[in-house]
Amino acid sequence: MTAATVTAPLALARRLGVGAGVRHTLTLAWRSLVQIKHNPMELLDLSIQPVMFVLLFTYVFGTAISGSPGEYLTFALPGIIVQNALFATMTTGFGLNNDLTKGVFDRLRALPIARWAPLAGRILADTVKQAWSVSLLIGVGAILGFRLGNGVLGLLGAFALLLAFSLAAAWISVLVGVLVSEPDKVQIFGFTVIFPLTFTSNVFVPTDRMPGWLQHWVEVNPVTILADALRGLLVGGPVVGPAIQAMIWAVALAAVFAPLAVRALRRRV
Amino acid sequence: MTYAIRAEGLVRRFGATTALAGVDLAVPSGTVYGLLGPNGAGKTTTVRVLATLLAADSGHATVGGYDVRRDAHRVRQLIGLTGQYASVDEALTGTENLLLIGRLLGLSRADARARARELLARFQLADAADRAAKTYSGGMRRRLDLAASLVGRPQVLFLDEPTTGLDPRSRNDLWDTVRGLVTDGVTVLLTTQYLEEADQLASEIAVVDHGRVIAQGTPEELKAKTGGQVLAIRPADPADLATVVAIAGEAAAASPEVAQSTVTVAVNGPGVLPAVVRRLDDAEIPVAELALRGASLDEVFLHLTGHRAEPDAPTGDDTPSGADLERTPA
């Protein structure tokens with residue numbers, strides 16, 4: 001009888017070290033990034049859309065709003081970077097929902113890997129994509145005449161602030177990704193929420209050009225606050241005030257949505 | 001006899017529905033054990049509990065001697081899981097899918113690559129190794145899925161409806177693979193809706209209905225319980241149905257069923273068919289169809305539970321992911 005393969009429990013590791021979890025996270029991030037190779041559309045999403053936004057807004061609205069495309073670019077580019085970053089957070093929920101509905105998430109969870117690695121790997125990969133988009137936007141902006149007011153330090157600060165805020169906002173995306181029944185609904189959510197949210201900020205149009213009632217909202221909109229902070233870091237002007245406010249927003253978003261998202265995920269799987 | 005899987009009194013509720021109402025299992029090491037039942041019987045929920053994906057509300061289970069709750073991480077080092085739905089990453093190539101699993105299991109880059117190549121060759125996927133899995137056919141995806149669950153050389157393999165939606169040839173290939181695994185000493189827990197599949201592969205079967213194991217035994221034992229075979233009689237004139245029911249019932253000493261102008265009755269001896277034919281002839285009832293066939297899952301069910309298996313009944317596995325796993329492709 002071949003039955004005696006499991007006579008006694010084998011000597012297996014009882015739990016995982018943090019180092020192993022980090023390795024799993026890196027491997028899963030690799031997986032998310034390799035996907036791009038087979039889905040060139042995603043690369044277009046990551047690259048062409050932001051560039052198109054910069055070009056369209058600069059040349060179509062630039063003169064009307066700021067007097068010249070060059071001046072408008074200085075005003076709008078930091079905000080466009082914010083808008084792009086918020087849209088990019090939706091990829092986290094989209095990919096997560098895809099994994100959940102297709103059964104990939106179950107396969108991963110049945111492996112002896114860190115429980116947090118699938119989510120962390122995804123967020124890490126999305127952060128890399130985020131960095132790519134921001135670099136591209138700054139690069140295109142530079143070609144069109146955008147000049148950094150605070151040098152490399154300001155740029156790094158902007159990067160850091162943007163990533164911190166995106167990581168916090170990604171929890172909203174995770175929550176949506178867990179709650180909806182199919183990936184496309186994550187995108188629908190993204191468009192219906194992020195579009196109005198970013199357009200009712202001072203990203204594209206200065207606050208004082210809007211109707212009075214709208215100005216009240218624009219001033220407290222976190223997108224305005226983050227855009228102001230990025231303007232300060234990339235172009236010049238006040239930094240500390242808006243940066244602190246943006247960080248408070250980030251902490252608040254994470255504090256509310258991270259537990260909700262994790263709870264929803266536990267309930268779903 | 002050692003048991004690779006043991007479960008005692010597993011209960012799991014989803015809201016108002018009870019998916020598992022006390023499941024007991026004892027799966028001997030190195031065998032294929034079939035979990036047979038209709039959609040929503042609780043098969044997938046059972047597998048998810050045993051594969052550490054879902055916590056039972058009560059009861060406990062061990063895999064390879066380890067408790068699936070307290071020692072989940074150890075259990076995961078022993079098992080492989082292949083769902084009803086190919087759970088490979090469709091955006092990755094076959095090679096990349098297997099590399100991903102290999103790397104997550106701690107293999108070196110070179111070892112993971114070698115293992116991927118070996119498995120792709122074994123499952124006739126070498127030619128498609130560098131194509132995205134979304135371009136694969138259903139059978140190829142299922143093979144890749146199975147390969148992915150074998151990367152870590154599991155001792156216990158869960159196959160959740162592995163052949164649902166496969167064409168007969170792919171199904172036979174998969175059956176051969178499963179037999180090969182058992183030869184290598186792997187224990188396989190297979191869920192299926194098809195009696196034939198359980199019959200072909202499993203040395204023991206548990207019939208599951210409404211979250212309970214309602215019968216357990218070898219395929220032969222189970223089929224013996226239903227008489228093994230079923231006689232189907234369709235009279236040329238539906239007006240004769242009542243007479244046919246009476247004749248069949250008397251000859252087989254069992255209560256016949258009527259559906260779609262056809263009378264079916266469990267056959268429990270060699271004398272039944274000739275007796276029925278003789279009496280039909282005596283009564284001068286013209287018959288459009290008369291057939292002796294193997295007991296179907298339906299008939300095993302009917303016999304064991306007193307009700308027919310209803311694939312469209314509300315499922316007990318009605319969680320979002322559970323529902324996905326148990327859905328039958330159109």
Side-chain angles (χ1 to χ4, degrees), chain A residues 1-16 20-21 23-39 41-42 95 97-115 117-118 121 178-182 264 266-269, chain B residues 1-4 28-31 48 51-54 62 64-66 71-93 96-97 99-101 103-106 131-134 145 148-149 152 155-156 158 182-183 185-187 319-321 324-325:
Chain A
M1 176 114 206
T2 55
T5 39
V6 190
T7 44
L10 298 169
L12 300 170
R14 181 127 213 266
R15 50 184 74 251
L16 277 165
R23 241 187 5 259
H24 300 149
T25 301
L26 290 173
T27 302
L28 286 160
W30 165 82
R31 169 229 168 187
S32 291
L33 293 173
V34 163
Q35 286 178 337
I36 299 175
K37 204 171 75 185
H38 306 290
N39 187 7
M41 282 306 289
E42 198 183 341
N97 188 273
N98 213 21
D99 280 357
L100 286 167
T101 48
K102 298 258 170 75
V104 176
F105 207 72
D106 272 355
R107 151 141 292 146
L108 295 177
R109 289 202 319 129
L111 291 172
I113 61 171
R115 301 294 88 190
V178 173
L179 292 180
V180 299
S181 55
E182 50 191 286
R266 289 229 168 105
R267 287 172 72 102
R268 170 150 185 181
V269 296
Chain B
M1 173 100 62
T2 59
Y3 294 98
S29 296
T31 66
R48 287 171 60 81
T52 76
L53 295 177
L54 188 71
T62 60
Y66 291 113
D71 258 329
H73 183 63
R74 280 177 172 148
V75 170
R76 292 184 194 118
Q77 293 169 69
L78 296 174
I79 62 171
L81 172 66
T82 293
Q84 181 184 347
Y85 278 81
S87 55
V88 293
D89 186 337
E90 295 179 1
L92 299 186
T93 65
E96 285 162 353
N97 263 296
L99 274 180
L100 171 69
I101 306 289
R103 293 290 284 158
L104 287 175
L105 290 172
R131 264 169 40 204
K134 63 184 165 218
D145 193 26
S149 61
Q155 295 185 8
V156 177
F158 296 103
V182 175
T183 315
V186 176
T187 307
T319 56
S321 41
D324 280 333
L325 289 168

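Naming: A, B, ... by sequence-line order, numbering from 1 per chain.
- Looking only at distances, no side-chain donor or acceptor of A:Arg14 sits under 3.5 Å from a matching main-chain atom of B:Arg74.
- Between B:Val88 and A:Val104, every side-chain heavy-atom pair lies at or beyond the 4.5 Å cut-off.
- Of the possible donor and acceptor atoms, one in the side chain of A:Arg107 sits under 3.5 Å from a partner among the backbone N and O of B:Asp145.
- The choice from B:Arg131, B:His73, B:Lys134 that makes the most heavy-atom pairs within less than 4.5 Å of chain A is B:His73.
- Interface remark: B:Ser149 contributes backbone and side-chain atoms alike to the contact with chain A (heavy atom separation under 4.5 Å).
- Side-chain atoms of B:Arg103 never come within 3.5 Å of backbone atoms of A:Thr27 as a donor-acceptor pair (strictly under, hydrogens ignored).
- With no hydrogens or angles considered, a side-chain donor-acceptor pair links B:Glu96 and A:His38 at under 3.5 Å.
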Trace of the side chain to side chain contact (heavy atoms under 4.5 Å, CB included) decision for A:Val34 with B:Thr93: CA-CA 10 Å; A:Val34 163; B:Thr93 65; over 6 Å; no
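- At least one side-chain heavy atom of A:Pro112 sits under 4.5 Å from a side-chain heavy atom of B:Leu105.
- Taking CG from B:Leu81 and CG from A:Leu108, the interatomic distance works out to 11.0 Å, rounded to the nearest 0.5 Å.
- For B:Ala72, no part lies under 4.5 angstrom from a heavy atom of chain A.
- Put simply, CG on B:Leu104 and NE2 on A:His24 are 6.0 Å apart, with the number rounded to the nearest 0.5 Å.
- A distance-only check finds no donor-acceptor pair linking the side chain of B:Gln77 to the backbone of A:Leu12 [under 3.5 Å].
- Options B:Asp89, B:Leu92, B:Thr52 differ in how many heavy-atom pairs under 4.5 Å they form with chain A, and the most are formed by B:Asp89.
- Looking at A:Leu16, both its backbone and its side chain come within 4.5 Å of chain B, counting heavy atoms on both sides.
- The candidate from B:Ala132, B:Gly106, B:Ala148, B:Ala51 with the greatest count of non-hydrogen atom pairs under 4.5 Å with chain A is B:Ala148.
- Looking at B:Arg76 and A:Leu111, their side chains never come closer than 4.5 Å, going by heavy atoms from C-beta outward.
- The CG atom of B:Leu99 sits 5.0 Å away from the CH2 atom of A:Trp30 when rounded to the nearest 0.5 Å.
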